[in-house]
Amino acid sequence: MTAPVFVVEHVRADSGGQYVLDGPEGRHAVSVKRLRPGEAVVLTDGAGRWAECEVVAAEGKDRLVVRMSEVSEEPEAQPRITVVQALPKGDRGELAVETMTETGVDAIVPWAAARCITQWRGERGLKALAKWRATAREAGKQSRRVRFPEVADAATSRQVAALLAKADFAAVLHEDREYGSEPLATAELPSSGEIVLVVGPEGGVSPEELELFGQAGAGAYRLGPTVLRTSTAGTAATALLLGRTGRWS
């Protein structure tokens with residue numbers, strides 16, 4: 001899908017088959033993208049419903065009139081991949097969300113790990129979560145997705161363990177000479193269901209968390225011989241899983 005993507009609340013045309021894109025999305029289409037009649041665009045609700053459209057007219061600075069084709073719905077991909085992402089420092093959280101979204105992750109769970117320097121509390125936490133969700137939305141548009149990843153509320157370690165216990169395949173990215181781990185590249189993966197992957201903070205997953213997650217059925221896995229930052233490990237692991245499960249075939 002190469003046409004630019006714009007997000008709307010409801011993907012449906014009027015009785016004449018037309019739709020008016022206005023507001024911030026319309027402004028971006030008209031004033032930034034400078035779309036003109038005859039060009040193609042895609043409208044989506046970000047939850048799988050989408051329609052390819054043809055631009056009919058650009059009006060003013062923020063109104064794009066399009067002719068909508070048949071509305072389609074993209075099914076959820078299988079297996080579904082969720083990454084539990086420990087909270088990185090600074091803007092590395094948004095970087096992780098952006099690149100995982102572009103790669104194709106299905107859900108992201110922010111995790112307040114024991115060794116996280118960053119902690120989301122009160123108003124600051126709400127603002128940080130809103131940034132992650134906005135980043136997923138914009139990265140979904142940029143990468144031409146019509147089903148954007150869900151960004152959940154921040155989870156505690158016990159909530160992560162409960163998520164792992166329900167998964168069809170659960171893994172913690174962890175490499176320690178004193179703690180056995182298997183290569184993720186050779187793990188036996190399901191063809192459907194839910195894969196949940198935990199990415200720890202820069203300081204690593206604590207022994208107590210490893211034990212808790214192990215009791216929930218999650219094994220320890222490693223990506224390769226190099227050490228990745230927490231903000232890039234989830235993207236690399238997602239790419240590996242997408243290739244191995246056939247979703248990138």
Side-chain angles (χ1 to χ4, degrees), residues 1-11 19-35 41-51 61-64 74 76-77 80-113 116-156 159-160 163 196-197 199 201 229-239 242:
M1 189 174 299
T2 58
V5 172
F6 297 93
V7 181
V8 297
E9 186 174 353
H10 302 292
V11 186
Y19 185 96
V20 177
L21 183 68
D22 54 13
E25 292 288 90
R27 187 175 304 110
H28 186 73
V30 175
S31 300
V32 179
K33 289 289 189 180
R34 298 186 181 276
L35 295 172
V41 299
V42 169
L43 301 186
T44 180
D45 61 1
R49 286 176 58 81
W50 64 280
K61 296 181 179 180
D62 61 358
R63 282 173 56 89
L64 192 77
E74 181 179 275
E76 286 195 35
R80 177 180 163 90
I81 299 173
T82 295
V83 173
V84 177
Q85 174 66 58
L87 306 179
K89 295 182 293 184
D91 61 358
R92 287 187 173 273
E94 287 96 274
L95 173 64
V97 171
E98 179 181 60
T99 54
M100 284 192 288
T101 298
E102 292 172 357
T103 303
V105 76
D106 300 297
I108 301 169
V109 180
W111 170 39
C116 282
I117 295 174
T118 299
Q119 296 292 329
W120 288 0
R121 295 189 178 93
E123 189 67 25
R124 179 184 176 185
L126 293 176
K127 288 181 178 179
L129 178 59
K131 282 186 178 180
W132 280 35
R133 287 173 172 165
T135 298
R137 181 179 186 273
E138 292 307 309
K141 289 167 56 180
Q142 187 277 330
S143 56
R144 307 296 197 259
R145 292 181 62 168
V146 296
R147 186 179 289 276
F148 302 163
E150 303 168 12
V151 179
D153 293 339
T156 64
Q159 288 172 325
V160 171
L163 186 65
V196 180
L197 181 74
V199 177
R229 302 290 299 263
T230 185
S231 53
T232 55
T235 300
T238 297
L242 288 168

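Hydrogens, waters and symmetry mates play no part in the numbers below; they use all other heavy atoms, side chains included.
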Using modelled atom types only, decide if a donor and an acceptor are shared between the side chain of Arg144 and the backbone of Gln142 within a distance under 3.5 Å.
-> yes
Count the heavy atoms belonging to other residues, nucleotides or ligands that lie under 6.0 Å from CD1 of Ile117, then report whether that count exceeds 12.
-> no
Run the numbers on Val7 and Lys141 for side chain to side chain contact (heavy atoms under 4.5 Å, CB included), then give the verdict.
-> CA-CA 8 Å; Val7 181; Lys141 289 167 56 180; 3.6 Å; yes
Please assess Leu197 against Ile81 for the test side chain to side chain contact (heavy atoms under 4.5 Å, CB included), listing each intermediate value before the final yes or no.
-> CA-CA 8 Å; Leu197 181 74; Ile81 299 173; 5.7 Å; no
Point-to-point distance, once rounded to the nearest 0.5 Å, from OG1 of Thr135 to CZ of Phe148 | 12.5 Å
Output the distance between atom OH (Tyr19) and atom CG (Leu64), rounded to the nearest 0.5 Å.
-> 11.0 Å
Which atoms form the tightest heavy-atom contact between Arg145 and Val5, and what is the distance?
-> O-CG1, 3.9 Å
Rounded to the nearest 0.5 Å, the CD atom of Glu94 sits from the OG1 atom of Thr101 at a distance of 11.5 Å
Can you find a heavy atom in the side chain of Val109 that is under 4.5 Å from one in the side chain of Thr82?
-> yes
May I ask you to test the Trp50-Arg147 pair for a side-chain heavy-atom distance under 4.5 Å?
-> no
What residues form a side-chain hydrogen bond (donor to acceptor under 3.5 Å, both in side chains) with Asp153, not counting sequence neighbours?
-> Arg133
Find the distance between CG (Leu35) and CZ (Phe6) and round it off to the nearest 0.5 Å.
-> 5.0 Å
Are the side chains of Arg63 and Val20 in touch, meaning some heavy atoms are under 4.5 Å apart?
-> yes
List the atom of Pro201, the atom of Ala86, and the distance in Å for their closest heavy-atom pair.
-> N-CB, 3.4 Å
Between Leu87 and Pro110, is any pair of side-chain heavy atoms under 4.5 Å apart?
-> yes
Applying the side-chain contact (heavy atoms from CB on, under 4.5 Å) test to Ser231, which of Val199, Leu95, Val97 qualifies?
-> Leu95
Does any non-hydrogen side-chain atom of Val30 lie less than 4.5 Å from one of Asp62?
-> no
Does Gln85 reach the main-chain N or O of Thr230 with its side chain, forming a donor-acceptor pair under 3.5 Å?
-> yes
Between Val8 and Glu25, is any pair of side-chain heavy atoms under 4.5 Å apart?
-> no
Taking all non-hydrogen atoms of both residues, which atom of Ala154 and which atom of Trp120 are closest, and how far apart?
-> CB-CE3, 3.9 Å
For the side-chain contact (heavy atoms from CB on, under 4.5 Å) test, which of Thr99, Thr238, Thr235 pairs with Val105?
-> Thr238
Quick one: are Leu129 and Val151 in side-chain contact, heavy atoms under 4.5 Å?
-> yes
Nearest-0.5 Å distance, CD of residue Glu150 to CZ of residue Arg80 = 4.5 Å
Distance (rounded to the nearest 0.5 Å) between Thr118 OG1 and Arg92 CZ = 11.5 Å
